[in-house]
Amino acid sequence: MSSDDLKKQAAARALELVTPGMRLGLGTGSTAKHFVDLLGARVAEGLDVLCVSTSEVTEAQARALSIPMSTLDATPELDLTIDGADEVDRELRLIKGGGAALLREKIVAAASARMVVIADDTKLVERLGRFPLPIEIVPFGMEATRRAVLAAMAGAGAAGDLVLRRKADGSVLVTDGGHWILDAHLGEIAEPESLSTALAAIPGVVEHGLFIGLADAAILAGAAGLTVLGRLD
Ligand SMILES: O=C[C@H](O)[C@H](O)[C@H](O)COP(=O)(O)O
């Protein structure tokens, strides 16, 4: 079974959590895209939901499927967010932002009563950090921010290179919020909570891709079937 099939299986299981009248957060990425497709089919059959997206890409996909969309301003409290992840550990700590949507994803997840992660089981890790940690920064003063990030990483026992994210054409990637991303190549993160706190304290850092205490469950699809971390109910 292909990785894409596995992502779709996880998305299909997450769709079973959706009940009529729910206010949903829609994640971003190749796995969340499956969920939005499946949700669109249910909406076409008459399912009544109201959704908030985590990126312009997801917004466009959902609108194309005629999924009723709102904003966090009009709908500031959500029942459930379904989103992918770049890494998840057994404590349901995540790295997110491989698709540059971490800021809106974290805001939407924090506004949701529950967040459920969907992924293929290659995303499950014993220690976070093999996937480069995205750190969203404001362009102003980038070099000063970069040095502050390096110092914060060292203080949290996590050393590594910081790479400004670029698009395939070489230009700097600009997020939906108009910011840039530094990817921290750390190998492993011994103390995610310490690093999260240290990064959040840097003025030029808008947000980072460590999601701690936000996910309630993860649905992981593998060759042997679905594994659930946490509670789905
Ligand atoms: O910014 C992007 C998001 O955090 C994605 O949810 C994450 O990168 C996982 O994406 P995918 O499902 O494509 O692996």
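Indexing begins at 1, ligand by ligand and atom by atom, following the structure's order. Since this is a predicted model, take the numbers as computed values, not measurements.
- Judged by distance alone, with hydrogens and angles left aside, the side-chain atoms of Ser112 form a donor-acceptor pair with the main-chain N or O of Val108 at under 3.5 Å.
- Annotation for Leu195 and Ala158: closest pair CD2-CB, 4.4 Å, computed over non-hydrogen atoms.
- Listed by chain and number, Thr28, Gly29, Ser30, Thr31, Asp83, Gly84, Ala85, Asp86, Lys96, Gly97, Gly98, Gly99, Ala100, Ala101, Glu105, Lys123 each place a non-hydrogen atom less than 4.0 angstrom from ligand 1.
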Atom pairs and distances, donor-acceptor, side-chain atoms in residues 136-148, under 3.5 Å, two or more places apart:
unit_1 : atom_1 : unit_2 : atom_2 : d
Glu136 : OE2    : Thr175 : OG1    : 2.8
Glu136 : OE2    : His179 : ND1    : 2.9
Glu143 : OE1    : Arg146 : NE     : 3.0
Glu143 : OE2    : Arg146 : NH2    : 3.1
Glu143 : OE2    : Arg147 : NE     : 2.9
Thr145 : OG1    : Gly141 : O      : 3.3

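- Proximity of a side-chain donor or acceptor of Asp89 to a complementary backbone N or O of Arg127 within less than 3.5 Å is not detected.
- Counting only distance, with no hydrogens or angles, the side chain of Glu87 and the backbone of Arg130 share a donor-acceptor pair below 3.5 Å.
- Side-chain N/O atoms of Thr122 and Asp120 include a donor and acceptor closer than 3.5 Å.
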